[in-house]
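Below: one structure, written as structure tokens.
Chain letters run A, B, ... following the sequence lines, proteins first and then strands; every chain starts at 1.
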Amino acid sequence: MKEISILTIKLFVITAIVAALLGTVNMVTEPIIAQNGETSFDETMKVLLPEADKFDLDGTKLPETPSSIKVDKVYCGIGSDGEVVGYVTSAISAEGYGGDIGVMVGVDKDGKITSVEVTSMNETPGLGAKASGEWINQFSNLGGDIKVDINGSAGNAEYKVEAISGATITSDAVTKAVNAAVEAIQVVIDDNSDSPEDGEDKEDKDTKTSPEDEESREEFGDEANDNVKGNNNGKQNMGNNSGSSNGGVE
Amino acid sequence: MKQNSNMKTFLNGVFTENPIFILFLGMCPTLAVTTGVVNAIGMGLSTAAVLVCSNLVISLLRNFIPNKIRIAAYVVIIAGFVTIIQMLMNAYTPALSDSLGIYIPLIVVNCIILGRAEAFASKNSPLKSVLDGMGMGIGFTVALVLISSVREVLGAGTFAGISLFGSGFEPASIMILPPGAFLTLGCLLAVINIISIKRKNKTAAHLAAEEKEGA
């Protein structure tokens, strides 16, 4: 009995001390890690839409994506004149050769890609990893529904990129993610162009504002936010503005 | 004399008992991370850091940790250090930790660390254990760099990311993939064994000659 107690106590002491150390280091590094994530996200947004001065979250409900792709919220890039210059969003494909591939896509207001950045991937160096090099530049100035071309397989597709030689899986995954991102942004573009400048005439889908909307409006102190979009994407509790009208307000 | 024995402990990990080429420990990360020299150095040095820290702590606690729970205790300590190093890397060197990806947490189950804890640190003084950790860590890193140099140069035409042959060179992609890892390791092992057999023969011949003269 005594032996078991000693074993237990000693093991407990060791684990307790290790846990305390872990907690301390975590406390110190957690904000830095979060900051790293944000900074790189902000920086990448600027790279994708250099003419934008600032970025606002767009609240349009995004279309369903295939199960292997996740598209994140769309940001509108606002230029110095207050007009929308383009949109940025990020997408993750789970179908990379080595796991998830994350991309960020910048699209101008006409729906054409400005550029794409690969933000995270675990692909094989020398093969799939080439995706983050010059290969990604192929996407610039393309539209949506891009096809991957392997020795002519894409035929007469309107937009195509050449596959990385020896890395078809990577090429496909990245292209799918980019396509999903562009599709989402296209929905936002269509949505915004539906509503006239100040959005007052937008269909009154929902006059009752949900608690989430109240919160988010307070958070961002946006007094001019009169038009609340009925179709609020439940997950987002940030500013719920339509890109164009917000642009005019600041 | 003491200096000599400490140096011996250190060099043991680099040459005589190199963890990869002689002890055959830590094969999984060895084969997986050696696709590029930069990754190899990053991985090797991170493992070395964990090795030194865990060897030190386990040696300090060698009288405190009861025999029956030693494996559990070692794993807790090692996992703790790896997690701390992972958090520090995520915070201060995010690019490196991105490219090492899942291999950092995998250091926890790297047999080298548990192996040295069990075989050495639990039975030797803290100073010796630190030296052993350093030696093993450097031996590991050197081995990784050797293997990844071959794989990267032949498989991607670059060394540490610097293109060596220009765009006309068609690299042997197989070297970058898992089969290439085994091939490279096998060839390097053969070379090392040839060298060490020759040395043994030389020493044996020497000793035989000396005996003859003495007789």
Could you measure the distance from the CD1 atom of Ile4(A) to the CD1 atom of Ile69(B)? Nearest 0.5 Å is fine.
12.0 Å
Neighbour count >12 (heavy atoms, 6.0 Å) for atom CZ, Phe64(B)
yes
Side chain, backbone, both or neither: which part of Phe81(B) has a heavy atom under 4.5 Å from chain A?
neither
Scored by heavy-atom pairs under 4.5 Å with chain A, the best of Gly80(B), Pro171(B), Gly155(B), Ala156(B) is Gly80(B)
What residue in Val18(A), Val25(A), Ile32(A), Ile6(A) has the most heavy-atom pairs under 4.5 Å with chain B?
Val25(A)
More than 12 heavy atoms of other residues, nucleotides or ligands under 6.0 Å from CZ of Phe15(B): is that the case?
no
Option that, when pairs with chain B are counted at under 4.5 Å, heavy atom only, ranks first among Leu7(A), Val28(A), Leu21(A)
Leu7(A)
Listing needed: what donor-acceptor pairs below 3.5 Å join chain B with chain A?
{"unit_1": "Phe64(B)", "atom_1": "O", "unit_2": "Lys10(A)", "atom_2": "NZ", "d": "3.0"}
{"unit_1": "Lys68(B)", "atom_1": "NZ", "unit_2": "Glu3(A)", "atom_2": "OE2", "d": "3.2"}
{"unit_1": "Asn90(B)", "atom_1": "O", "unit_2": "Asn36(A)", "atom_2": "ND2", "d": "3.2"}
{"unit_1": "Ala91(B)", "atom_1": "O", "unit_2": "Asn36(A)", "atom_2": "ND2", "d": "3.0"}

